[in-house]
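Below: one structure, written as structure tokens.
In the text below, chain A, chain B and the rest are named by the order of the sequence lines, each starting its count at 1. Only heavy atoms go into these numbers, but all of them, side chains included; no hydrogens, no water, no symmetry mates.
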Amino acid sequence: MSPFEIAEPATIADALALLSGDDPDIRPLAGGSALMLMMKSGVFRPTRLVSLRRLDEFTGIAATPEGGIRIGAMTSLAAIEHSSLVKQRAPVIVEAMRRLANVRVRNQACIGGALAHGDPHLDMPPLLAALGAEVTIVGPEGERKVAVADLYVGYYQTVLAGDELIREVSIPSLAGRHTAYQKCTTRSADDWPALGVAVNLRAGKSGISEARIVVGAVAEIPTQLRNVEMILQGRTLDQALLAQAGEAAAAELSPTSDARGSAAYKRQLVKVYVGRAIAAAMDVVAS
Amino acid sequence: MSNARRKISFQLNGATVSATVENHHNVVELLEQFGLRGARESCGQGLCGCCTILIDDVAVSGCLQLAAMVDGKNVCTIEGMQKNGELDPIQQAFIESGAFQCGFCTPGFVLMTQQLLDRYPDPDDDQIRSYLSGNLCRCGAYPEILKAVRLAAEKRKSAATA
Ligand SMILES: Cc1cc2nc3c(=O)[nH]c(=O)nc-3n(C[C@H](O)[C@H](O)[C@H](O)COP(=O)(O)OP(=O)(O)OC[C@H]3O[C@@H](n4cnc5c(N)ncnc54)[C@H](O)[C@@H]3O)c2cc1C
Ligand code: FES
Ligand code: FES
């Protein structure tokens, strides 16, 4: 690794002034777990890292009056995993944490880093996109809000400018929602996903009234399965519908091959795991 | 002093120390300055746990942690685990269970076990497996390691009630 400067601003204004809209060698530093890997392999050679750890506005987990949760960008994944509020209001996130990397990585990595990194092989982007979460972004022009579903534009690319920061992420109330995240790994149990499927359904006596399904690790960005969502609309869950959803998902996606599975293998995974994830959300067993 | 390096001071195994570090150095490199080699860089990617240390009582991979960022923090390594010449009950449990062959991975496993028992004093096998899943043992001593963790939990309990 080559030498660089580390800045530790105490205010958002100072942090923004230290960042740069057009110098890719200057970047914010959260937990540093992803940055360290990129610096060690030489794909990123910074001239300056701007640590966000002294920014009070970036910390904390709080309940919103609407029944949701606000999480500061510098909150560690472990703090989220062990939060009783998150467990109560969004247990699907706690579940997903258990198989995300290992205890040490979760202790170090922050939710802002997990969302801003833009690696398509992450668990939080598809999950938080499916839950309808939104990030608050601060920049030279002030604040703006962006849905996690709209954060990604390409391989390691987000809508964030170089001098913008994710300050927090807010998750809406999930009351009455059926949610699940199913992750398939092909190396070790807590490896980066070969496939991640996040499901968020509203269902009542007259069947499924709202469905949002987002998959990760098959394309350059998390991908919403709009055809499958349409198929589920108004239907009551049975094994035939689960199979139909899996088939439709495999037809809708064109997975790319990577180190964790070929395109053909991932297509097969999609077929099986989309059904499983919907079944898990509705608390039934997929046959 | 150039802005690529800085002077830091921190707690190291209970003593206040200071060091001059390059900003791009990681904590394993920092510990080498103090002659501490229990945390060693092996995979260098957060996967194997051989570099495990506790920063403010939280287990992290030293290989993924910038040395500059431990300024003002409390760092514990395997070398700090024995008290007054006596091994920690966790270390003792690893010896009694024969939970290693070459011992390369052992400091990491011992520190992760400490982290586990601090949160779950009476862990079930799932909890043990899930806490230790990020530590690799090339000698494959996993069954003995599981035994050692259960024994360590017992030792801690009886030490607490003694
Ligand atoms: C061994 C290992 C295993 C892993 N396994 C998994 C896994 O199974 N599933 C998974 O999902 N992930 C996995 N990861 C990836 C991990 O989730 C990311 O490395 C981590 O979330 C990044 O967070 P960080 O705080 O460390 O970010 P950093 O490394 O500090 O930053 C990452 C990127 O985000 C930018 N950034 C950080 N915070 C902000 C902010 N607030 N605003 C704007 N930009 C910001 C940085 O500039 C940088 O570009 C693994 C990582 C390791 C090392
Ligand atoms: S050397 Fe740090 S985790 Fe392997
Ligand atoms: S005892 Fe040799 S690597 Fe674990």
Side-chain angles (χ1 to χ4, degrees), chain A residues 1-8 18 25-27 29-54 74 76-79 81-82 94-110 113 185 187-192, chain B residues 1-6 8 21-29 39 41 43-73 108 111-116 118-120 126-136:
Chain A
M1 277 165 52
S2 43
F4 50 80
E5 172 199 348
I6 302 177
E8 290 195 71
L18 285 158
D25 298 332
I26 297 178
R27 281 212 209 173
L29 169 68
S33 64
L35 284 171
M36 282 296 273
L37 293 186
M38 292 195 291
M39 294 188 295
K40 284 181 166 196
S41 62
V43 295
F44 176 51
R45 298 174 196 275
T47 51
R48 178 192 294 156
L49 295 180
V50 180
S51 167
L52 309 178
R53 71 174 181 182
R54 290 176 62 200
M74 288 300 285
S76 72
L77 300 185
E81 175 186 3
H82 296 293
V94 174
E95 278 302 309
M97 288 300 178
R98 301 228 161 97
R99 283 188 62 203
L100 190 158
N102 55 49
V103 172
R104 293 184 312 279
V105 171
R106 297 197 296 274
N107 282 342
Q108 177 178 358
C110 302
T185 60
R187 290 176 172 179
S188 62
D190 48 12
D191 188 21
W192 277 271
Chain B
M1 194 176 285
S2 95
N3 59 4
R5 76 165 58 134
R6 61 173 69 191
I8 60 170
V21 298
E22 306 286 332
N23 279 343
H24 64 283
H25 278 180
N26 67 41
V27 173
V28 178
E29 292 167 299
E41 183 150 349
C43 72
Q45 301 179 26
L47 293 165
C48 75
C50 289
C51 63
T52 301
I53 51 163
L54 305 180
I55 299 183
D56 290 348
D57 293 324
V58 172
V60 291
S61 291
C63 72
L64 291 186
Q65 207 73 40
L66 287 170
M69 304 307 276
V70 305
D71 193 21
K73 305 258 176 191
L111 287 165
M112 275 319 285
T113 302
Q114 169 160 328
Q115 181 92 130
L116 164 72
D118 284 349
R119 188 173 284 277
Y120 304 110
D126 273 356
Q127 284 164 333
I128 300 176
R129 281 174 209 275
S130 119
Y131 259 69
L132 301 185
S133 65
N135 290 65
L136 302 182

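The contact between B/S61 and chain A is made by backbone and side chain atoms together, counting heavy-atom distances below 4.5 Å. Neither the backbone nor the side chain of B/L116 comes within contact range of chain A; no heavy atoms are under 4.5 Å apart. Within the 4.5 angstrom heavy-atom criterion, only side-chain atoms of B/M112, from C-beta onward, approach chain A. Residue B/E22 does not touch chain A at all, counting heavy-atom pairs closer than 4.5 Å. Contact of B/Q115 with chain A is made through the side chain alone, with heavy-atom distances under 4.5 Å.
Considering only residues two or more places apart in sequence or on other chains, A/R45 meets the salt bridge (charged side-chain N to carboxylate O under 4.0 Å, His left out) condition with none of them.
Heavy-atom pairs under 4.5 Å with chain B were tallied for A/R98, A/E5, A/R53; the largest tally goes to A/R53.
A heavy-atom distance below 4.5 Å is not found between the side chains of B/N3 and A/I6.
Heavy-atom minimum distance, B/S133 versus A/D190: OG-OD2, 2.7 Å. Pairing each heavy atom of A/F4 with each of B/N23, the nearest pair is O-ND2, 2.9 Å.
For residues 51-60 of chain B, a heavy-atom distance under 4.5 Å to chain A picks out B/T52, B/V58, B/A59, B/V60, given by residue number. The interface of residues 30-39 of chain A with chain B, defined by heavy-atom distances below 4.5 Å, comprises A/G32, A/S33, A/M36, A/L37. Of all residues spanning residues 99-110 of chain A, those with a heavy atom less than 4.5 Å away from chain B's heavy atoms are A/N102, A/V103, A/R104, A/V105, A/N107, A/Q108, arranged by number.
Of the possible polar contacts, one joining the A/K40 side chain to the B/C63 backbone as a donor-acceptor pair under 3.5 Å is found.
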